2 protein chains.
Amino acid sequence: MKTTIRNVAEAAGVSAMAVSAVLHGTGRNVKVSEAKAELIRKVARELRYQPNHLARSLRNRKTNTIGVVFQHFDRFSDENPYYPQLLNGIIAALFPAGYTLALCPQLVQRSGEGAISDGRFDGVLWCRPDFTEQSVEGLRNSSIPVVMMHAPPGSAPGVPTFCVDNDGALRLPVRHLVELGHKRIGFVLDHLNEKTAEGRARSEAFMLATQEAGVIGEVLVWDPDAHDLENYRLGMGPHTALIAYSDFLAGRLLAACRRFGLRVPHELSIIGFDSSSFCETTTPKLTSIYQPVERIAHEATMHLLSLIQSDQSNVDADALPLASIYDCGFDIRESTGPPPATAKNSS
Amino acid sequence: MKTTIRNVAEAAGVSAMAVSAVLHGTGRNVKVSEAKAELIRKVARELRYQPNHLARSLRNRKTNTIGVVFQHFDRFSDENPYYPQLLNGIIAALFPAGYTLALCPQLVQRSGEGAISDGRFDGVLWCRPDFTEQSVEGLRNSSIPVVMMHAPPGSAPGVPTFCVDNDGALRLPVRHLVELGHKRIGFVLDHLNEKTAEGRARSEAFMLATQEAGVIGEVLVWDPDAHDLENYRLGMGPHTALIAYSDFLAGRLLAACRRFGLRVPHELSIIGFDSSSFCETTTPKLTSIYQPVERIAHEATMHLLSLIQSDQSNVDADALPLASIYDCGFDIRESTGPPPATAKNSS
DNA sequence: TTGAAAGCGTTACCAA
DNA sequence: TTGGTAACGCTTTCAA
């Protein structure tokens, strides 16, 4: 990277801004004759002129880059299709619009400190709603548009949120289980999601759903790999069905059942969350709550893009919705069934 | 983003460069007394000063950002753990070093034109390459370090490549199949990978391996979802075993077999490539060539980082290796077995 | 020890 | 239709 716009201008015998006008279509009031324009293009090609993106961004206050903040920054799970789906939704919105996607560690780790608005991004998609005071404060101080995913409506002031209807979502499996005859149901989440906004929202939604249905519900924070399911045999455990926070977690529950020789669904019913392709590959196939991850990510990103546009053209953005809520579905497969006849059916 | 370094300087009653020196440790010859330093830090905090990353990058000619180019990029597959593994390897190298990862569409689509070195990246990791004249030309003109993944050694002049030993890799399944008694074997790839350097390398490696083993080999470019396997019943088809370019593709072959009522491995043996966790979830479990994707990605990225370092400190980089080759493994699971007795065994 | 000035590469504004 | 000048925010160089 050595050829600057001035080199081209000099070689073509014109001014730098003439080059800028011809190559980038910038500066309306600058008119260049077609002959000169052609000359400029020719010289630029010969000199292998490559416009400096940094300088243009600095000058234009527009980077065409979006920052994406993940909650689990340490690694993408090999088995959980959540991240691929999320990225697909984001990319499908971003790339056609000519935007670049950036994943950066500072944002992931110490995002509270306003590092978001260091000029690199036109906007930020926040997939990490854990709501420490710090992180919310960081968002409030942000000078660029921010959109949150997996944040219940109203959880961050003034920040548009894109989230599933967790209350509705958890009624579906609970109703299904109650119809099958279950009376004692557990909702399992891992230590990580215990702390996220959506983890808490789903836990509350689950408790609400079980109360409405008149059955016993309990929220369980487990590491299934280390958990002892021995006493769940023959429905004798505290629950006859478990709803997991994610398909991935449900898969690990299935594996734990296999380890302990527990038959699913005969001795224990298990339900996942996401209804990803993963559910079709397990034995038994996993009953699961369907969540349109890719669509949510896509629409959240589209929303972010339009926020950026209205931000930069000083258009009033109040017409845009502040919270989008998505309905979940429920896909019944093979991992749910009636509780064992031996289960103590104390209601 | 409004507070500039000058605002801070003014408010603290010092010069801009004193602020720069204190906050960024820049400028050796500038010494600031501890009292003033403390004042500057305090003022910066109060004013919520956020250094502009763009301006610093422009000035320092260092962006701390790596571009990742997928030349052939469709979407992150939900089922294929390839992308998560790849990203894990990259991130594990990048984030601890304080680098940002950027995925950008222009690079993906028209990467030939040298858009690589528009100042945004300190280096580029090039994945799934092909070798049109254009793209090689683009690399040659690049003024920043480039490292290629999935490129056979020597395929791009002067560009370090990180690739598995495809020749060795394809001997493993071929030998396994021949030992089981197979005489007619197909290698299946999709339309996308037909065009990539690694797709071609594996096809050639496959043909070589079958020739060495004295059996019939054929390269097949298929869309398994649309392909008719009807005539493969009872080993009567042109091949009694198929090796797929990826686990994902093998999974789709398995699904096609199910559709046509073809029993695997009794009527047809199927082998994948990656030996990902996916192989454990299929029925039957998928025999597969193991490829250390995450490790390759990690080491390629580490290499890129050291290239950047030596580039920027003008150190001679010739000591660094130009090609790294990784051995593959072979995991035998349930999807391979002897060919049907009814198979015509014309050698 | 501190400050002023120049410049990284680009583009908007104004004058010719 | 053109070209000069200034500025985006930062840091290095040189002079005080």
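All figures in this text were calculated on a predicted structure; none of them were measured in a lab. To find a chain, count down the sequence lines: A is the first, B the second, and so on, and within it residues start at 1.
- Between Ala55(B) and Ser15(B), the residue whose closest nucleotide on DNA chain C is further toward the 5' end is Ser15(B).
- The aromatic rings of Phe76(B) and Phe70(B) lie perpendicular to each other, with more than 60° between the two planes, well past the 30° mark.
- What separates CD1 of Ile5(A) from P of dT10(C) is a distance of 5 Å, to the nearest Å.
- Residue Arg59(A) places a side-chain atom within donor-acceptor reach of the base of dA7(D), judged by atom type and a 3.5 Å distance cut-off alone.
- Looking at Asn193(A) and Glu198(A), their side chains never come closer than 4.5 Å, going by heavy atoms from C-beta outward.
- Using a 4.5 Å cut-off on side-chain heavy atoms (C-beta onward), Val68(A) and Leu103(A) make contact.
- In this structure, CD in Gln85(A) is found 8.0 Å from CZ in Arg75(B), a value given to the nearest 0.5 Å.
- Atom pair Gln50(B):CD and dC8(D):P shows a separation of 18 Å (rounding to whole Å applied).
- In this structure, the CG atom of Leu54(A) is 14 Å from the P atom of dC10(D), given to the nearest Å.
- As a whole-Å value, the separation of Asp118(A) CG from dC10(D) P is 11 Å.
- The 5' end of DNA chain D is approached more closely, in terms of each residue's nearest nucleotide, by Val14(A) than by the other of Asn60(B) and Val14(A).
- Donor-acceptor pairing under 3.5 Å, judged by distance alone, is present between the side chain of Arg6(A) and the base of dT10(C).
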